[in-house]
There are 2 protein chains.
Amino acid sequence: MKPNFDFEEVKQVVIDCLRKKGLRRTPERFQILRHIYERGGHFDADTLYVELRNKGINVSRATVYNTLDLFTKCGILTSHFFTPHHIVYDFSYKAKQHEHLYCEVCGKIEEFCDPRLSIIEEDVQKLTGFKVTKRSVVFRGICPECQRKIKD
Amino acid sequence: MKPNFDFEEVKQVVIDCLRKKGLRRTPERFQILRHIYERGGHFDADTLYVELRNKGINVSRATVYNTLDLFTKCGILTSHFFTPHHIVYDFSYKAKQHEHLYCEVCGKIEEFCDPRLSIIEEDVQKLTGFKVTKRSVVFRGICPECQRKIKD
DNA sequence: TTACCTGCAAAGGGTTTGCAGAGTC
DNA sequence: GACTCTGCAAACCCTTTGCAGGTAA
């Protein structure tokens, strides 16, 4: 799925975010940004590290972790905790709010949208006084493929 | 909040579960069960370990982790991943399905219920073919107390 | 008696940190 | 030139595992 914006646009968002925080525009940060822009989908830090090294971009793990955290704070990435010890990210700049289906058998992640969730979120905010900044809705279970495999 | 069932009832559920799995009824398992029955609320493995030791119940960490995992499989506990490296449990036997509000500032966990979520879950199952076995809905944000503190 | 279970301590795996050198502003 | 960032490797933190002794069935 091709993103509906060009790289320069996200880059500008990151630049603004760096400026606001008084941080530097290092080549590593933009190399990582370009890579996640191009690859899309869900990924974790180590996968990204390996992919970058394979591309000949010699960043360290520390930089990858640091940068993913930075991009999350910039609103470019969203982090998910599907399992302990493991942070999964997705590129969420200009992405429609979406939720996740997580297959407990094969680990596959799928997405879905439901406008009713925003209404619920709104109601819960009013009811509880919590100021919600991020919602994470995960339905865990077994994907169709794994259901079929189990039957056999 | 006092549970609406007595200890013997949950104990029986665990006994049935152990029998089905061919596992043993050890004193440690029932000591841990009694403790989490009495304390209620949300907790993690290490908190439980410390509480048990303070009570004079000399279980090991390995046993605590093993037992929490067992109880989760028995359907007595539900596990949550609010942050990485950290599993939070709640006692879910005979508990109404509920969702969580997580304060990103102080870590406080609150609960809420909304029957509309079950409808959404049902619809998503039909639409995607995923067989949902567990749902986790977490609204992250700032609790009313922390909002007040920040203003000051 | 036959596993399974426990306690202890050490290992595991993703993430974070400390430090010296490099690079941005 | 000041200060942050990077790379490397070691440290961290929960959680899991291996092993020898104990114990339920």
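Just the heavy atoms: all of them, side chains too, but no hydrogens, waters or symmetry mates, feed the values below. Throughout, a chain's letter reflects where its sequence line sits, starting with A, and its residues are numbered from 1.
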Going 5' to 3' along DNA chain D, which are the first and last nucleotides with any atom under 4.0 Å from a heavy atom of chain B? D/dC13 to D/dA25
With under 30° as parallel and over 60° as perpendicular, where do the rings of B/His98 and B/His42 fit, or are they tilted in between? perpendicular
So which heavy atom on B/Ile36 is nearest to which on B/Phe43, and how close? CG2-CZ, 3.6 Å
Based on the rotation axes of five pairs at each end, what angle does the helix from C/dT1-D/dA25 to C/dC25-D/dG1 bend through, to 10°? 40°
Of the residues in residues 48-72 of chain A, which ones touch DNA chain D at a heavy-atom distance under 4.0 Å? A/Arg53, A/Asn58, A/Val59, A/Ser60, A/Ala62, A/Thr63, A/Asn66
Output all residues satisfying side-chain contact (heavy atoms from CB on, under 4.5 Å) with B/Asp46, sequence neighbours left out; order by chain, then residue number. B/Asp44, B/Tyr49, B/Val50, B/Arg61
Within residues 13-20 of chain A, those residues having any heavy atom closer than 4.0 Å to DNA chain D are none
Does anything in residues 119-152 of chain A pair up under disulfide bond (SG atoms under 2.5 Å apart), and if so which pairs, sequence neighbours excluded? none
What residue pairs, at least two apart or across chains, pass salt bridge (Lys or Arg N to Asp or Glu O under 4.0 Å) with a residue in residues 30-40 of chain B? B/Arg34-B/Glu38, B/Glu38-B/Lys55, B/Arg39-B/Glu51
Applying the side chain to side chain contact (heavy atoms under 4.5 Å, CB included) criterion to A/Tyr93, which one of A/Thr78, A/Val14, A/Ile76 satisfies it? A/Ile76
Got a sec, which pairs hit salt bridge (Lys or Arg N to Asp or Glu O under 4.0 Å) with one end in residues 14-27 of chain B, sequence neighbours left out? B/Asp16-B/Arg19
Return the minimal non-hydrogen interatomic distance between B/Asp90 and B/His80, and the atom names on each side. OD2-NE2, 3.4 Å
Take the protein atom CD1 of B/Ile87 and the nucleotide atom C1' of C/dG13, then report the distance between them rounded to whole Å. 14 Å
Please list all pairs passing the ring-ring contact (aromatic ring centres under 6.0 Å, His included) test where one or both residues lie in residues 102-128 of chain A, with sequence neighbours left out. A/Phe82-A/Tyr102, A/Phe112-A/Phe139
What does B/His85 touch in the nucleic acid at a heavy-atom separation under 4.0 angstrom: a base, only the sugar-phosphate, or nothing? base
Sequence neighbours excluded, every pair satisfying disulfide bond (SG atoms under 2.5 Å apart) that has a member inside residues 68-127 of chain A: A/Cys17-A/Cys74
Result block: side-chain N/O donor-acceptor pairs under 3.5 angstrom for residues 126-135 of chain A, not counting sequence neighbours:
from     : atom 1 : to       : atom 2 : distance (Å)
A/Thr128 : OG1    : A/Val124 : O      : 2.7
A/Thr128 : OG1    : A/Phe130 : N      : 3.2
A/Thr133 : OG1    : B/Arg140 : O      : 3.2
A/Lys134 : NZ     : A/Ser79  : O      : 2.8
A/Lys134 : NZ     : A/Ser79  : OG     : 3.3
A/Arg135 : NE     : A/Glu99  : OE2    : 3.0
A/Arg135 : NH1    : A/Ser118 : OG     : 3.4
A/Arg135 : NH1    : A/Glu121 : OE1    : 2.8
A/Arg135 : NH2    : A/Glu99  : OE2    : 2.9

Evaluation steps, side-chain contact (heavy atoms from CB on, under 4.5 Å), between B/Gln147 and B/Val105: CA-CA 9 Å; B/Gln147 287 175 46; B/Val105 178; over 6 Å; no
Lys/Arg N to Asp/Glu carboxylate O, A/Asp152 vs A/Arg148, below 4.0 Å: no
Between A/Leu33 and A/Phe91, the two heavy atoms sitting closest are CD1-CE1, 4.4 Å
DNA chain D contacts among residues 23-31 of chain A, heavy-atom distance under 4.0 Å: A/Leu23, A/Arg24, A/Thr26, A/Glu28, A/Arg29
For the backbone of B/Val59 and the side chain of B/Thr63, can you confirm whether one donor and one acceptor N or O come within less than 3.5 Å of each other? no
